[in-house]
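To keep things clear, I will list the structure first and then write my remarks on it.
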Amino acid sequence: IYAGENALLISSTASGKTEAVVIPIAARISENRKDSLCICIAPTKALLNDLYKRLSAPLHRLGIKLGIRHGDKPLSSSDQELSFLLTTPESLDIILCKDYPFLSKVKFAICDEIHQVFGSPRGFQLLFLLERLKKKAGRELQRVALSATLGNQNMVSEWFRGIDKPVRIFSTGTKRPINPEFHWLDQHNSLRNIIQQSKAKKVLIFVNSRRMCDDLFLELGNFSPYRVFVHYSTLEREQREYVESQFKASEFAICIATTTLELGIDIGSIEVIILYEPPQNVASFLQ
């Protein structure tokens, strides 16, 4: 990556993928601060907020100005001097439409959790955004994609390269064991019973819709000793951040979420994960 190669990194959650990419790119930026910009694109606001917390201190110590732009956080006038920008595909589209001058400095594009957008309309939007960035900068961009779970690595690397030079695949090859249990829910075997039988203190429940989040929240209300939370993208920013911090801090807690919490943000130690509805694909199941 330091040598400028396009790359696809595949490694398990919390194994240090972000640092493995940011360190060499930060080193390259440090060599030419005035004319270098890295744009890191991630699919959710929660993941971007978590990345901002993790990267702010080390990049600040290097003198690299970090900014964040998504639906909850607009760019300010001082952000024209950025060397590192965190954003979503939708917000990057808006930034490109506004034609900010600092975009001409872009040299690096990091695309986190690429499995979330591969093969989807958002994925094709991402490829078009990278081509627009390349046109704005007048140069090829170094492209780096990250994921913990991918079905066909070669297919994703070919898709991600666009018309640029090849993407080199780096994969740790390590696999974490999954210990699944299947339960049929009925009046004699409720979700409450399953959670109680697990004796877990922290439980994360994934569903496929905001409505199901709310339905399960009502079903699990007043479930002592647990605090019960919901998390999805249309919650107000303050509510989402409150849920993330309180779920992490609570000793006994249940969080019912859509895929907004699928993407490796730091919410503390989880003992049991329940997939209340089947995920959309195998990669999402593994994630």
Side-chain angles (χ1 to χ4, degrees), residues 1 3-11 17-18 20-22 24-25 28 36-48 51 67-71 75 82 84-100 102-171 233 259-260 262-264 279-284 286-287:
I1 291 171
E5 289 190 44
N6 292 340
L8 170 62
L9 269 69
I10 305 157
S11 184
K17 292 186 297 297
T18 302
V21 174
V22 170
I25 288 179
R28 292 278 303 281
S36 295
L37 172 65
C38 176
I39 295 183
C40 179
I41 308 161
T44 68
K45 300 173 188 176
L47 179 55
L48 288 172
L51 289 172
I68 182 169
R69 167 66 170 92
H70 55 61
L75 283 177
L82 289 174
F84 213 103
L85 175 64
L86 306 172
T87 190
T88 60
E90 293 76 17
S91 292
L92 179 57
D93 201 340
I94 293 169
I95 292 169
L96 279 162
C97 289
K98 291 186 176 180
D99 200 24
Y100 285 107
F102 72 85
L103 290 175
S104 61
K105 301 191 303 178
V106 67
K107 290 181 178 177
F108 317 97
I110 301 171
C111 300
D112 205 356
E113 303 293 1
I114 198 71
H115 80 276
Q116 260 295 53
V117 299
F118 170 65
S120 72
R122 267 186 115 191
F124 289 111
Q125 179 196 24
L126 176 64
L127 294 184
F128 279 114
L129 290 170
L130 293 176
E131 291 300 321
R132 289 167 65 191
L133 278 173
K134 183 171 75 172
K135 186 174 181 181
K136 176 68 178 174
R139 64 171 76 89
E140 280 193 9
L141 308 181
Q142 183 178 1
R143 301 183 180 197
V144 181
L146 315 177
S147 183
T149 48
L150 281 178
N152 190 323
Q153 301 174 11
N154 293 321
M155 185 183 295
V156 175
S157 68
E158 281 299 309
W159 170 86
F160 184 61
R161 70 178 285 186
I163 57 175
D164 289 342
K165 56 188 178 183
V167 174
R168 186 174 172 187
I169 298 172
F170 297 88
S171 178
S233 60
T259 54
T260 54
E262 176 188 308
L263 303 179
Q280 304 294 334
N281 52 55
V282 172
S284 193
L286 294 172
Q287 183 74 14

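Remark: the backbone N or O of L92 is not paired with any side-chain donor or acceptor of R69 at under 3.5 angstrom. A donor-acceptor distance shorter than 3.5 angstrom exists from the side chain of S157 to the backbone of N154, with no hydrogens or angles considered. At least one donor-acceptor pair closer than 3.5 Å links the side chain of Q142 to the backbone N or O of I1.
Looking at every heavy atom in both residues, Q153 comes nearest to L8 through O-CD2, 3.7 Å.
Put simply, the side chain of L146 does not reach to within 4.5 Å of the side chain of I10, judged on heavy atoms. Side chains of V106 and K136 form no contact here, defined as non-hydrogen atoms less than 4.5 Å apart. The shortest side-chain heavy-atom distance between P43 and H115 does not fall under the 4.5 Å cut-off. In this structure the side chain of F118 reaches within 4.5 angstrom of the side chain of M155, judged on heavy atoms. Counting heavy atoms from C-beta on, the side chains of I39 and L141 never come closer than 4.5 Å. Put simply, the side chain of V22 reaches to within 4.5 Å of the side chain of F84, judged on heavy atoms. W159 places a side-chain heavy atom less than 4.5 Å from the side chain of I114.
The residues E90 and R122 are annotated as salt-bridged, a charged nitrogen and a carboxylate oxygen being separated by less than 4.0 angstrom. Look at E5 and R161 and you find no salt bridge, because none of the NZ, NE, NH1 or NH2 atoms lies under 4.0 Å from a carboxylate O. A salt bridge does not link D112 with K17: none of the charged nitrogens is closer than 4.0 Å to a carboxylate oxygen.
Interatomic distance, K107 NZ to E140 CD, rounded to the nearest 0.5 Å: 14.0 Å.
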**Message:** Applying side chain to side chain contact (heavy atoms under 4.5 Å, CB included) to I41 and L130, what does each step give before you reach the verdict?
**Reply:** CA-CA 10 Å; I41 308 161; L130 293 176; 4.2 Å; yes
